[in-house]
K.L.:
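Let me begin by handing over the structure; questions about it come next.
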Amino acid sequence: MGAETLLKNGEDRVQLDPKVPLILGLQPAALIDHVARVDGSLFDQIPGERGGSIPVAMEELEHILSELKRHVLASADDSSPMKTMAGGSVANTIRGLSSGFGVNCGMIGAYGDDEQGQLFACNMNTSGVNVSRLRKKKGPTAQCVCLVDAFGNRTMRPCLATAVKVQGDELTKGDFSGSKWLVMRFGAFNLEVIQAAIRIAKQQGVSVSLDLASFEMVRNFRVPLQQLLESGDIDLCFANEDEATELLRGEGNAHPEAAAEYLSKYCRWAVVTLGSNGCIAKHGEEIVQVPAIGEAKAVDATGAGDLFASGFLYGLVKGLSLEECCKVGSCSGGSVIRSLGGEVTPENWQWMYKQMQRKGLSLPDIRN
């Protein structure tokens with residue numbers, strides 16, 4: 001698309017260099033997702049709570065992958081019960097912004113010199129994402145098994161321990177210069193690089209978006225997370241209902257509305273997604289609640305929050321109202337759950353555009 005534009009809260013429209021990514025995603029370690037629809041008995045064989053995301057060792061990852069064939073559920077509406085693709089919350093959001101909304105995006109991170117690393121870089125590049133800020137390193141690329149049950153709920157088991165990743169001292173001003181947004185996911189094990197990225201981003205005038213990752217991450221590392229939020233350096237925060245509850249657990253008001261209120265004290269935009277109940281968002285004194293797209297058929301919830309973020313960020317850079325940003329987010333979040341994995345199919349992008357048209361929303365400059 002042509003030169004990108006940015007319009008925020010009555011500010012002047014700013015012309016940006018079309019060669020520089022408008023939105024950057026920081027994913028320290030590139031990740032390959034192995035997504036499969038499985039029967040419930042497999043969940044009894046793996047560690048951790050069903051529905052969450054906790055790291056596993058390579059031996060455990062290989063064990064789960066070896067068990068998949070015996071537990072895969074066939075589906076009449078999907079040709080493949082298992083898919084392998086570039087994954088990770090940030091990658092899903094950035095890929096969605098690029099391929100579905102035509103926003104000029106780039107990725108910062110590292111991938112290994114293996115087959116999985118090449119697949120990650122190729123998948124993102126094919127989706128139109130600028131991969132020049134990805135570092136290729138000697139070593140393995142991170143992988144994650146995404147298990148989807150019969151109801152479309154997903155359980156994540158990433159293997160990250162030995163994977164290559166970018167370090168904080170490797171980041172440069174050139175990685176961020178000229179961009180307007182940095183998209184990140186909270187991770188206690190990546191705190192050093194997250195803090196380094198925020199520091200440079202703020203020096204370069206780049207706004208920061210943070211996703212709270214998972215309820216386990218919030219539960220186990222609530223103190224450093226709250227310190228990060230309360231620093232005032234996070235401009236936009238996304239939390240799902242479970243993460244919002246964990247964030248305020250023990251304070252007597254652990255519900256989505258209170259979480260949105262808490263986040264809005266420190267972040268310019270606070271968004272709490274509520275699954276089939278839509279979302280709550282707050283910006284300044286304005287608060288809105290927007291329902292989910294009722295027509296969305298939930299095959300796999302993987303990437304729903306990530307693609308919601310794609311739509312919301314698209315709305316922000318296009319100067320849409322808070323309510324309209326939420327509506328676009330609901331449309332894009334609804335598009336990804338209609339098939340397996342965190343990558344939206346061309347057919348489901350078309351479905352999303354129709355939903356946006358019905359709601360009178362601004363359509364992207366490109367159509368797949």
K.L.:
Please determine, by modelled atom types, if Thr93 and Asp306 share a side-chain donor-acceptor pair under 3.5 angstrom.
P.N.:
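No donor-acceptor contact under 3.5 Å links the two side chains.
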K.L.:
Please answer whether the main-chain N or O of Gly139 pairs with a side-chain N or O of Asp113 as donor and acceptor at a distance below 3.5 Å.
P.N.:
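It does hold such a pair.
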K.L.:
Please round to the nearest 0.5 Å and tell me the distance separating atom CE of Met85 and atom CZ of Phe120.
P.N.:
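Taking CE in Met85 and CZ in Phe120, the distance rounds to 12.5 Å.
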K.L.:
Is any NZ, NE, NH1 or NH2 atom of the basic residue among Glu323 and Lys327 found under 4.0 Å from an Asp or Glu carboxylate oxygen of the other?
P.N.:
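Yes, Glu323 and Lys327 are salt-bridged.
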K.L.:
Can you check whether His283's main-chain N or O pairs, donor with acceptor, with Glu286's side chain at less than 3.5 Å?
P.N.:
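Answer holds: no.
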K.L.:
What is the distance from atom SG of Cys331 to atom CD1 of Ile293, rounded to the nearest 0.5 Å?
P.N.:
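So the gap between those two atoms works out to 4.0 Å.
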K.L.:
Which heavy atom of Leu228 sits nearest to which heavy atom of Ser231, and what is that distance?
P.N.:
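So the two residues come closest at O-OG, 2.6 Å.
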K.L.:
Which atoms form the tightest heavy-atom contact between Ser330 and Ala292, and what is the distance?
P.N.:
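Looks like OG-CA, 4.4 Å.
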K.L.:
side-chain contact (heavy atoms from CB on, under 4.5 Å), that's the test. Do Ile198 and Ile194 meet it? Break it down for me.
P.N.:
CA-CA 6 Å; Ile198 291 174; Ile194 287 172; 3.9 Å; yes
K.L.:
Under the 3.5 angstrom rule, does the side chain of Arg157 hit a backbone N or O of Ala57 as a donor-acceptor pair?
P.N.:
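No; zero donor-acceptor contacts below 3.5 Å.
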K.L.:
Mark yes or no for whether Asp114, through its side chain, and Gly117, through its backbone, hold a donor-acceptor pair below 3.5 Å.
P.N.:
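Pair found, side chain donor or acceptor close to backbone of Gly117.
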K.L.:
How far does CD of Glu241 sit from CZ of Phe215, to the nearest 0.5 angstrom?
P.N.:
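Answer for the CD-CZ pair, Glu241 versus Phe215, is 12.5 Å.
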K.L.:
Side-chain contact test, heavy atoms from C-beta onward, threshold under 4.5 Å: evaluate it for Val288 versus Cys326 and give yes or no.
P.N.:
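Counting from C-beta outward, Val288 and Cys326 do come under 4.5 Å.
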K.L.:
Output yes when a side-chain donor or acceptor of Arg133 lies under 3.5 Å from a complementary backbone atom of Leu24, and no otherwise.
P.N.:
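No; judged by distance alone, with no hydrogens or angles, the pair does not exist.
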K.L.:
Using 0.5 Å steps for rounding, measure from the CG atom of Leu225 to the CD atom of Glu246.
P.N.:
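Leu225 CG to Glu246 CD: 11.0 Å, rounded to 0.5 Å.
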K.L.:
Quick one: sort the Tyr353 and Trp349 rings into parallel, tilted or perpendicular, breaks at 30° and 60°.
P.N.:
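The arrangement is parallel - the two ring planes meet at less than 30°.
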K.L.:
Which residue in the set Gln143, Lys83, Gln116 passes side chain to side chain donor-acceptor pair (under 3.5 Å) when paired with His34?
P.N.:
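Per the side chain to side chain donor-acceptor pair (under 3.5 Å) rule, the option paired with His34 is Gln143, out of Gln143, Lys83, Gln116.
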K.L.:
Judged by atom type as modelled, is there a donor-acceptor pair below 3.5 Å linking the side chain of Ser264 to the main-chain atoms of Lys282?
P.N.:
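Not confirmed, Ser264 side chain does not pair with Lys282 backbone.
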K.L.:
Quick test of your reading: applying salt bridge (charged side-chain N to carboxylate O under 4.0 Å, His left out), list the pairs with at least one residue in residues 189-218, sequence neighbours left out, ordered by first then second residue.
P.N.:
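Only Lys202-Asp235 qualify under salt bridge (charged side-chain N to carboxylate O under 4.0 Å, His left out).
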K.L.:
Is any NZ, NE, NH1 or NH2 atom of the basic residue among Asp300 and Arg338 found under 4.0 Å from an Asp or Glu carboxylate oxygen of the other?
P.N.:
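A salt bridge is absent here (no side-chain N lies under 4.0 Å from a carboxylate O).
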K.L.:
Strictly below 4.0 Å, N to O, side chains only: are Lys137 and Glu170 in salt-bridge contact?
P.N.:
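Counted as a salt bridge, because a side-chain N and a carboxylate O are separated by less than 4.0 Å.
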K.L.:
Any side-chain heavy atom of Val183 sitting closer than 4.5 Å to one from Ile23?
P.N.:
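Side-chain contact under 4.5 Å: yes.
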K.L.:
Please walk me through it: do Tyr111 and Gln27 pass side chain to side chain donor-acceptor pair (under 3.5 Å)?
P.N.:
CA-CA 10 Å; Tyr111 64 97; Gln27 188 166 304; over 6 Å; no
K.L.:
Run the side-chain contact (heavy atoms from CB on, under 4.5 Å) test on Ile46 and Glu60 for me, step by step, so that the C-alpha distance in whole Å, both residues' side-chain angles and the decisive distance to 0.1 Å come before the verdict.
P.N.:
CA-CA 8 Å; Ile46 62 175; Glu60 185 63 36; 4.3 Å; yes
K.L.:
May I have the step-by-step check of side chain to side chain donor-acceptor pair (under 3.5 Å) for Asn240 and Thr273, ending in yes or no?
P.N.:
CA-CA 5 Å; Asn240 65 30; Thr273 55; 5.6 Å; no
K.L.:
Counting N and O atoms only, with roles assigned by atom type, does the side chain of Thr155 sit under 3.5 Å from a partner on the main chain of Arg50, one being a donor and the other an acceptor?
P.N.:
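Checked: no pair found.
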K.L.:
If you measure only the distance, is there a donor-acceptor pair under 3.5 Å linking the side chains of Asn348 and Thr345?
P.N.:
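There is such a pair between these side chains.
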K.L.:
For the residue pair Leu322 and Phe312, establish whether any side-chain heavy-atom pair is separated by less than 4.5 Å.
P.N.:
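A side-chain contact exists here, since the closest heavy-atom pair is under 4.5 Å.
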K.L.:
Any side-chain heavy atom of Ser127 sitting closer than 4.5 Å to one from Glu343?
P.N.:
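Answer yes - side chains close enough.
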K.L.:
Step through the shown structure and confirm whether more than 12 heavy atoms of other residues, nucleotides or ligands are within 6.0 Å of CD on Gln45.
P.N.:
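Yes.
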K.L.:
My understanding is that only one of Leu22, Leu313, Ile94 makes a side-chain contact (heavy atoms from CB on, under 4.5 Å) with Cys105; could you say which?
P.N.:
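Testing Cys105 for a side-chain contact (heavy atoms from CB on, under 4.5 Å) against Leu22, Leu313, Ile94 leaves exactly one candidate, Ile94.
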K.L.:
Following the transitive rule for hydrophobic clusters with a side-chain heavy-atom cut-off under 4.5 Å over Ile, Leu, Val, Met, Phe, Trp and Tyr, establish whether Val148 and Leu68 coincide in one cluster.
P.N.:
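Different hydrophobic clusters.
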K.L.:
Do His71 side-chain atoms and Ser41 backbone N/O form a donor-acceptor pair below 3.5 Å?
P.N.:
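No, because the side chain of His71 does not come within donor-acceptor range (under 3.5 Å) of the backbone of Ser41.
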K.L.:
What's the separation between atom CG in Leu182 and atom CD1 in Ile200, rounded to the nearest 0.5 Å?
P.N.:
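Answer for the CG-CD1 pair, Leu182 versus Ile200, is 10.0 Å.
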K.L.:
List the steps, then state whether side chain to side chain donor-acceptor pair (under 3.5 Å) holds for Ser89 with Asn92.
P.N.:
CA-CA 5 Å; Ser89 176; Asn92 290 341; over 6 Å; no
K.L.:
After noting the C-alpha distance and the side-chain angles of Asp175 and Arg135, does the key distance pass the salt bridge (Lys or Arg N to Asp or Glu O under 4.0 Å) rule?
P.N.:
CA-CA 11 Å; Asp175 288 325; Arg135 282 81 163 165; 2.9 Å; yes
K.L.:
Ignoring hydrogens, what is the shortest heavy-atom contact between Lys165 and Ala110? Give both atom names and the distance.
P.N.:
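Reported closest heavy-atom pair: C-CB, 3.6 Å.
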K.L.:
Closest heavy-atom contact between Ser179 and Pro21?
P.N.:
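Minimum heavy-atom separation between Ser179 and Pro21: OG-O, 2.6 Å.
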K.L.:
Count I, L, V, M, F, W, Y as connected when their side-chain heavy atoms are under 4.5 Å apart, and connections chain through other members. Are Met107 and Val164 then in the same cluster?
P.N.:
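Different clusters.
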K.L.:
Show your reasoning for whether side-chain contact (heavy atoms from CB on, under 4.5 Å) applies to Asn123 and Arg95.
P.N.:
CA-CA 9 Å; Asn123 184 209; Arg95 181 173 53 204; 2.8 Å; yes
K.L.:
Hydrophobic cluster membership, with links at side-chain heavy-atom distances under 4.5 Å among I/L/V/M/F/W/Y: are Val299 and Met82 in one?
P.N.:
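Different clusters: Val299 never reaches Met82 through Ile, Leu, Val, Met, Phe, Trp or Tyr contacts under 4.5 Å.
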K.L.:
Within a strict 4.5 Å, meaning less than it, do heavy atoms of the Cys237 and Leu212 side chains meet?
P.N.:
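Answer yes - side chains close enough.
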K.L.:
Where do Leu307 and Gly342 come nearest, in terms of heavy atoms and distance?
P.N.:
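Heavy-atom minimum between the residues: CD2-O, 3.7 Å.
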K.L.:
So, taking the atom named OG in Ser214 and the one named CZ in Arg185, what distance separates them when rounded to the nearest 0.5 Å?
P.N.:
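Ser214 atom OG to Arg185 atom CZ measures 6.0 Å (nearest 0.5 Å).
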K.L.:
Quick one, Glu257 and Tyr262 - any side-chain contact, counting heavy atoms below 4.5 Å?
P.N.:
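Not in contact.
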K.L.:
Answer yes if the ring centres of Phe186 and Phe238 are under 6.0 angstrom apart, and no otherwise.
P.N.:
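No, too far apart.
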K.L.:
Run the side-chain contact (heavy atoms from CB on, under 4.5 Å) check on Ile234 and Tyr266 step by step: do they pass?
P.N.:
CA-CA 7 Å; Ile234 307 302; Tyr266 310 103; over 6 Å; no
K.L.:
Where is the tightest heavy-atom contact between Gln289 and Asn277, given as atom of each residue plus distance?
P.N.:
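Heavy-atom minimum between the residues: NE2-O, 4.5 Å.
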K.L.:
Is it possible for you to say whether Leu97 and Leu316 belong to one hydrophobic cluster, with membership spreading through side-chain heavy-atom contacts below 4.5 Å?
P.N.:
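The answer is yes; both residues are in one hydrophobic cluster.
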K.L.:
Give a yes or no on whether the backbone of Val38 and the side-chain of Asp149 come within a donor-acceptor separation of less than 3.5 Å.
P.N.:
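Side chain of Asp149 to backbone of Val38: no pair is present.
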K.L.:
Do Leu236 and Leu210 have side-chain heavy atoms sitting under 4.5 Å apart?
P.N.:
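No, too far: nothing below the 4.5 Å cut-off.
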K.L.:
Indicate yes or no: at least one non-hydrogen side-chain atom of Ile108 is less than 4.5 angstrom from one of Leu134.
P.N.:
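They are not in contact (no side-chain heavy atoms under 4.5 Å apart), so the answer is no.
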K.L.:
Main chain of Ser332, side chain of Ser335: is a donor-acceptor contact present, judged purely on distance under 3.5 Å?
P.N.:
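Between the backbone of Ser332 and the side chain of Ser335 there is a qualifying donor-acceptor contact (under 3.5 Å).
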K.L.:
Could you state whether Met184 and Trp269 fall into the same hydrophobic cluster, counting links through intermediate Ile, Leu, Val, Met, Phe, Trp or Tyr residues with side-chain heavy atoms under 4.5 angstrom apart?
P.N.:
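No.
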